[in-house]
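Comments concern the structure below.
One-based numbering, in listed order, for ligands and for the atoms of each.
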Amino acid sequence: MAVRDIIVIPDPVLKQVSEPVAAITDDVRALADDMFDTMYDAPGIGLAAVQIGQLTRMVVVDCAKDDNPPDPICLINPQIVWASEEISKYEEGCLSIPEIYETVSRPAEVKVRYLNRDGDEQERHCDGLLATCIQHEIDHLNGVLFIDHISRLKRDRIVKKFAKAAKLAKAGE
Ligand code: GNR
Ligand code: NI
């Protein structure tokens, strides 16, 4: 059990495509545990393995509302098998792009197929924030960030700001 460092842009690893999990081993389960620890510590409502530097197709989410009990979900090799025609808009943020929030349009509902932590195949119909969050996380597995869904002008401004901050941090080392 460990809270790991979250990778932020412009680290190029965030643009890489993650590899499917071939077998659910103790190492895979340990990675899931670290991802939950890191997500709850941040705090965030989702985390993809690439955000802690592991190019593995695994995400964790917990979209339970404030006063409700926790609802941790671990999705291994997740696939969207259906998406609604209806689109919804959410103001999204990302732990890899701290303190930036922009409105993103995505299908309002999706059906996702995945393996759980025990290796059982699951299918789940998602709507609301959970549907948005799962699509945001699956994007991470494909090297896609929420800023890839906004205007180029806005995206370039955000990337520039983080590139400058990284350069200054490096100069100060
Ligand atoms: O914590 C997070 N909040 C959030 C809000 C709206 C849409 C998506 C998200 S996911 C984000 C955590 C994160 O960066 N996951 O990859
Ligand atoms: Ni994110």
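Using a 4.0 Å cut-off to heavy atoms of Glu137, the atoms of ligand 1 that qualify are 10 (S), 13 (C), 15 (N), 16 (O). Those atoms of ligand 1 that come under 4.0 Å of a heavy atom in Gly93, given as number and element, are 4 (C), 5 (C), 6 (C), 8 (C), 9 (C), 10 (S), 11 (C). Residue His140 approaches ligand 1 through these ligand atoms, each under 4.0 Å from one of its heavy atoms: 16 (O). Listed by number with element, the atoms of ligand 1 under 4.0 Å from a non-hydrogen atom of Cys94 are 14 (O).
Summary of contacts: the protein heavy atom closest to atom 2 (C) of ligand 1 is Ile45 CG1, 3.5 Å. Looking only at protein heavy atoms, the nearest one to atom 12 (C) of ligand 1 is Gly46 O, 3.2 Å. Nearest non-hydrogen protein atom to atom 14 (O) of ligand 1 is Leu95 N, 2.8 Å.
Applying the side-chain hydrogen bond (donor to acceptor under 3.5 Å, both in side chains) test to every pair with at least one member in residues 2-26, sequence neighbours left out, gives these pairs: Arg4-Asp34, Asp26-Arg29. Sorted by first and then second residue, the side-chain hydrogen bond (donor to acceptor under 3.5 Å, both in side chains) pairs with a member in residues 83-93 read Glu92-Arg106, Glu92-His136; sequence neighbours excluded. Screening residues 142-158 for side-chain hydrogen bond (donor to acceptor under 3.5 Å, both in side chains), with sequence neighbours left out, gives Arg57-Asn142, Glu102-Lys154, Asp139-His149.
Looking at Pro78 and Glu137, their side chains never come closer than 4.5 Å, going by heavy atoms from C-beta outward. Between Val112 and Glu123, the closest side-chain pair of non-hydrogen atoms is not below 4.5 Å. Between Val13 and Leu55, some side-chain heavy-atom pair lies under the 4.5 Å cut-off.
Geometrically, ligand 1 and His136 share a nitrogen or oxygen pair separated by less than 3.5 Å. Remark: ligand 1 and Leu129 share no N or O pair separated by less than 3.5 Å (distance only, no angle test). For ligand 1, the polar-atom distance check against Gly44 finds no nitrogen or oxygen pair separated by under 3.5 Å. At under 3.5 Å, not a single nitrogen or oxygen of Ser96, backbone or side chain, sits near a nitrogen or oxygen of ligand 1. Between Glu92 and ligand 1, not a single N/O pair is under 3.5 Å apart. The distance criterion of under 3.5 Å between nitrogen or oxygen atoms is not met by Pro43 with respect to ligand 1.
Contact annotation: Glu91 has at least one heavy atom less than 4.0 Å from an atom of ligand 1.
Summarising the geometry of Cys133 relative to Cys63, their closest heavy-atom pair is CB-SG, 3.8 Å, with the distance given to 0.1 Å.
Within a 6.0 Å sphere centred on CD of Gln79, other residues, nucleotides and ligands contribute 12 heavy atoms or fewer.
Listed by chain and number, the protein N, O or S atoms at a distance under 2.8 Å from the Ni ion (ligand 2) are Cys94 SG, His136 NE2, His140 NE2.
At distances below 3.5 Å, at least one donor-acceptor pair connects side-chain atoms of Asn77 with backbone N or O atoms of Val21. The main-chain N or O of Glu109 is never found under 3.5 Å from a side-chain atom of Asp127 such that the two would form a donor-acceptor pair. Asp71 places no side-chain N or O within donor-acceptor distance of the main-chain N or O of Asp62, the cut-off being under 3.5 Å.
When each of Leu47, Val3, Ile45 is checked for a side-chain contact (heavy atoms from CB on, under 4.5 Å) with Met39, only Leu47 meets the rule.
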